[in-house]
Structures are given as C-alpha cells and as structure tokens.
Amino acid sequence: MTALTLTDVCKSFGAVDVLKEINLTVEDGEFVVFVGPSGCGKSTLLRVIAGLEDATRGTVEIGGDVVNNTPPAKRGIAMVFQSYALYPHLSVRDNMALSLKQEKQPKSVIEERVSKAVQMLDLGAYVDRRPSDLSGGQRQRVAIGRAIVRDPKLFLFDEPLSNLDAALRMNTRIEIAELHRTLSASMIYVTHDQTEAMTLADKIVVLRDGRVEQVGSPMELYNNPANKFVAGFLGSPAMNFLQKAPIDLPQGGTLGVRPEHLRLEKGGRIKGTVTHVERLGGDTNLLIATSQKEEMTVRLFGQDSTAVGASVELEFDNSSAFAFDTNEQRVAF
Amino acid sequence: MNAARQNRFNTFAAHGALILYTLIALFPVFIIVINSFKDRRSIFREPLALPNAESFSMIGYETVLKQGDFFLYFQNSMIVTVGSLFFILLFGAMAAFALAEYRFKGNTLMGLYLALGIMIPIRIGTVAILEMMVQTGLVNTLWALILVYTAQGSPLAVFILSEFMRQVSDDLKNAGRIDGLSEYRIFFRLVLPLVRPAMATVAVFNMIPIWNDLWFPLILAPAEEVKTLTLGSQVFIGQFVTDWNAVLSALSLAILPVLALYVIFSRQLIRGITSGAVK
Ligand SMILES: Nc1ncnc2c1ncn2[C@@H]1O[C@H](COP(=O)(O)OP(=O)(O)O)[C@@H](O)[C@H]1O
Ligand SMILES: [Mg+2]
C-alpha cells in the first residue's frame, strides 16, 4: 500500500505560486527526504500534507484515503518541527501524552505508549521536567517522542536537526535512522542539507522553486542526475562546472565533473594553479584556478603534499563526467 | 577612560536620572498623603511639613468614612475597572488572535478599521452613546460604564496584542493542531500565556484612565448607588467651600486599589518573559 500519494498538488499564497504540480508517492515503510535550497517550498509541501495549509489544487491521499478535507489531527500523521514546538506549560510526559488524551484513549494505553517512547528515546530521567529545563538535543528527542506515541501512518520531520550543533546533529541523525528501522514506519524528512538527505533517504525528492526536479535513490541521483541543479546540489564538495571544457560540448553547454573524479596526472586535459589547500587528514581538497580562468575543486583521498601556487595538470574519465545543455538538462556526449 | 569604568559611570547616570524622575513623579502623591493626615490649618500654613503631634489629625478620614456610601463608591470603581479590563483583554486578545493568525478576506481592512479607534477619542460620541444607553435602559448601571470603557480600550489592545501574537511560534500552534487541540485551546492554553507580558502592559495602560475617569460616570451613571469613587469624591469639593481634609483623604484612599492592581500586573510583566518552548 502507498503511505502517501500527491496528485497535481499546487499551492499559492495570493499571486505567488509556491508549489507547482507536485506528483509524488511514498511507499509503506519508506524514508523519503525532500531536499532543496531554502525557500523552495519544502515546509509548505509538508504543511499541505499535514493539513496545516489547504492545497490550492490537487489531491492528497494518506494510506489510500483522500484527506483534503480532513483536519490535521485526523490524518494519521505526526510532525516534528525545527523549533521543537514543545508545550511550555506541560512536563515531558504530558507533552507526549496530550495527543492521546485528545483522542480519549484509555489511561492504560496512554501510560504504556508514553513509557515505551520514553524508553526508546532514553528520556527516563526527564519525564517530569518542563521543556525549559532541557537541552536542545533533549527537547528534540521529546518532540520525536511526541510523534512516536501517536503511532502515525506517516511521520513528518521539518528540518529537525537544524538547531542542533554539529556533533549532536550526527548522533541524532543516526538515532532517527535507527528509529526508522525499529518502527519500520513511513517517514518524510525535509532538509536543505544534502548530507542528511544522502545518509538517511531511501528515496530523495529534489525540489527547486516549488517543482520536483528529480526523484530517486541517493545513488541514482548521484550517479545519474537529470540536470545541472541536481548534479550541483548533491555531493560534497559540489560538482565542478566548466564552460570552457576540453571536450566537445553542445553550443553553450557545461561540463560537470565531481571533485572526487579528478586526479592529478601529468599531461592531463585541464591545466591550472593551486590557489588553496584544505587538509582534512582523511582527504585533501585542492582549489584550482584553471588556465581558462575557471575555478574548480579537486578531492584527493589521503594526504597530499601539493602546495599553494603549484602548477597542476588534471585528468578525468569521460565515463564519470556529465554534460548539460543551455537549459541545464543532461545530454549525452 | 577605560570601558569598564565608563560603563559604571553610565549605569550610575542612568540610575541617577531614573531616581530623580521617580522623586518628581512621586512628590505630588507624597504631598497629598502627608497632608491628608493634618488638620485644616496646618495644610494651608505649612503644606510641605510632615504631620507632627500638634498638626496630626484624622478628621479627613473620619469625614470620608462617615459619608456612608464611600465603600460603595469604592466597590463600584473596582467593579468597573476590573470588569472593563477583563473584557478589554478578553475581546482584544481574541480579535488580535484572529487578525494575526487567520488569513481571510478583509483581514488588513479589519485591522485598519480597529486601529481607527486609537485615533478617534470616544468622547466625541458621548451624545450618541448616551442616547443608546437611554434606549437600552442601561443608564445608571455599572454595565454602561464597563461597555464604554471596553470600547475605549479595545483598539489599542488589539493593536498591541496582534503584534505580539504574530511573534508566537507558528510551529507551536501547528503542533497543537496536529495533536488535536481546538482553536480555543490553542488560543487560551498556548498563545495567551506567551503574550502575558503584553497583556499586562495593556492592562496597566488602561487601568488608570478608567479608574480616574469623571466624564462618563457623570454622564452615564450619576445615581447615588452607581457612583464611582472619582465622582463620589466630588461631594467634598463645593462651589464655595471645599473640605480639603476629606478630599485629600479620599484621594489617598483611592490610590491604594490601583496600587494593588498595578503590583499584580507588573509581577506578570516580569514573570511572563520566561519559557523554553522554542529554541
Ligand atoms: N504563509 C505564507 N504566506 C506567504 N508566503 C509564504 C507563506 N509561507 C511560505 N511562504 C513563501 O513560500 C516560499 C516557500 O517557503 P517554505 O516552504 O517555508 O520554504 P522552505 O521550507 O523550503 O525553506 C517562500 O518564498 C515563502 O516566502
Ligand atoms: Mg522550511
């Protein structure tokens, strides 16, 4: 069964079209990540799915039922917000229990589900505290707990890690992945961070300006981007784009080569000077100004002794490079 | 001069200015209170002197308390002030929530219409209000005053509160909606506690003008059993003789309840600014 089906969903605020004909399915148990730059409409799409905004056109189906006219609480979804959005006047336990109380579940069921979530998220020591007495990471876990107790058909996460510091972000990311495995629930996860998208997703949906650019598994998108935007958005450091390429391109076209697919090689087709070196220990990033006055990044695995100012020659395999036409669409070469 | 010392100097100067202002503002109140404890002769001979054994007198308070209705006036003023504040805050907050939270046709127009009330003094409409009150039979009731003051205070309340409500996190309200809270519970349980400082501000701004108003009590509710304190105190001010002892005592007593209300609200002002809901 499909957990979610969107058909021709559009959303306008006044004259501004924020979402344009979104068609999408989320299979049962799938972890889908919506990724795209800030302001591209990811949160709006999530809010339309949740029922917090009405779709201007199109249908939203959750678990096979059209829910366009169903209020958020009855859609069988749970949502985790970037700002945690915990109820300030309630304890951790009551924050989690509130939705079940609203559904008039019996006390024993509430008790059981809350304590299960508390255990799963390791919040045992904090159940009687107020949100204001918790750290950012703990608050986010409570927010996740509040979603778990509802036992929803579909989890919605809106940039849940953006307010956490780097170390905590990595830990929480892993916890969310584990949560997905344990609950085997359908999840939609919104982020602008391509690392989160690549590491968490079964399926990535790349959005730009309210349109779906491409849908696919992380590796499909990495190996086979449909256009220049997707190619540049996924992968870190980002793909190099060269207008003055050493191969035959369609008129006005662009060559794309990922930094990790370039190597230093005598007699290579691209010549340039090193302008900056980043030594990360595990790998080394060289920033290079080519002889054609274009900038590119090279990622070398391991440590490398190339110094700033050195002249280098770079080579790549045509099989790992991409060509894009003037409309930024992928073309064969 | 280094930064730390300059800072201390600035702090000192700021405190100095504030203390000076406090003294100036409190001086008339102080004069009223000390003179209310003096006999008539000393009030005029040495208005700035503290009451001493010779000049001390409770005659003013005795007159005021013997004037049997004084407690009734007190009660009337209290009912009118508290009642008006309650309705201003309730309706002001509800209107502000609607304006801040819901997108509907004419939202901006409605906001402007409500803001118009800030610029047009309600007293311009006194005659029409009086006619309305006569027709509805509300003349000489406390309701007449409460309704008028609610109308008078609402525009500014809506204006201030909607600005604050716009700042309450959307995520919090949306979390409530997903958890199945009704819009009323979202309003009363989630939003109102977070705008409590703004509510206290609105209450404080509205309280004093209502408590002190003489105009509407005189016109809409001059009857003995609904007189407010300010109106009631006028009996001591005659065309030819004024009982200054009684006037000063009545004024001193009138300060107390406002002071109590103010303390309640200002504590809210300070307490309200804490919550760990968002970030
Ligand atoms: N309530 C609203 N009214 C008007 N415009 C909005 C509203 N909500 C979002 N937008 C606009 O929609 C666009 C997408 O917003 P959003 O979905 O929050 O982007 P993202 O989450 O991808 O950063 C933005 O340009 C934003 O200004
Ligand atoms: Mg967003």
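Throughout, a chain's letter reflects where its sequence line sits, starting with A, and its residues are numbered from 1.
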_I need the residue from B:Asp179, B:Asp170, B:Leu181 with the largest number of non-hydrogen atom pairs under 4.5 Å to chain A._
B:Asp179
*Could you tell me whether the side chain of A:Arg150 and the main chain of B:Ile178 form a donor-acceptor pair under 3.5 Å?*
yes
*Quick one: list whatever passes side-chain hydrogen bond (donor to acceptor under 3.5 Å, both in side chains) with A:Ser43, sequence neighbours left out.*
A:Asp158
*Determine which pairs satisfy ring-ring contact (aromatic ring centres under 6.0 Å, His included) with at least one residue from residues 89-125 of chain B, sequence neighbours left out, and list them in order.*
B:Phe87-B:Phe91, B:Phe97-B:Tyr102, B:Phe97-B:Phe187
*Can you tell me if CE on B:Met94 sees more than 12 non-hydrogen neighbours from other groups inside 6.0 Å?*
yes
_Min side-chain heavy-atom separation B:Leu172-A:Tyr87 under 4.5 Å_ = yes
*Sequence neighbours excluded, which residues qualify as side-chain hydrogen bond (donor to acceptor under 3.5 Å, both in side chains) partners of A:Asp94?*
A:Ser91
_Within 6.0 Å of CE in A:Met120, more than 12 heavy atoms from elsewhere_ = yes
*Taking atom CD of A:Glu103 as the centre, does the number of heavy atoms from other residues, nucleotides or ligands within less than 6.0 Å exceed 12?*
yes
*CZ (B:Phe205) with more than 12 external heavy atoms under 6.0 Å*: no
*asked:* Can you tell me if B:Glu183 has over 12 outside heavy atoms packed within less than 6.0 Å of its CD?
replied: yes
*Would you say the side chain of A:Met79 lies within less than 4.5 Å of the side chain of B:Asn174, judging by non-hydrogen atoms?*
no
*Could you please state which residues from residues 50-69 of chain A sit under 4.5 angstrom from chain B, measuring non-hydrogen atom to non-hydrogen atom, sorted by number, or 'none'?*
A:Ala50, A:Leu52, A:Glu53
_Over 12 non-hydrogen atoms of neighbours within 6.0 angstrom of CZ in B:Arg189_ = no
*Check whether A:Arg130 gets within reach of chain B through its side chain, its backbone, both or neither, counting any heavy atom under 4.5 Å.*
neither
_Side chain, backbone, both or neither of A:Arg146 within contact of chain B (heavy atoms, under 4.5 Å)_ = side chain
*Sort A:Leu100 into side chain, backbone, both or neither according to what part of it lies under 4.5 angstrom from a heavy atom of chain B.*
neither
_Quick check for you: among A:Ala73, A:Gly136, A:Pro71, which has the greatest number of heavy-atom pairs under 4.5 Å with chain B?_
A:Ala73
*Indicate yes or no: at least one non-hydrogen side-chain atom of A:His89 is less than 4.5 angstrom from one of B:Leu190.*
yes
_Using 0.5 Å steps for rounding, measure from the CD atom of A:Gln82 to the OG atom of B:Ser169._
10.5 Å
*Could you tell me which portion of B:Arg103 (side chain, backbone, both or neither) has an atom closer than 4.5 angstrom to a non-hydrogen atom of chain A?*
side chain
*Is the CD atom of A:Glu112 crowded by more than 12 outside heavy atoms at less than 6.0 Å?*
no
_Nearest non-hydrogen partners of A:Ala85 and B:Ala175, listed with the distance_ = O-CB, 3.8 Å
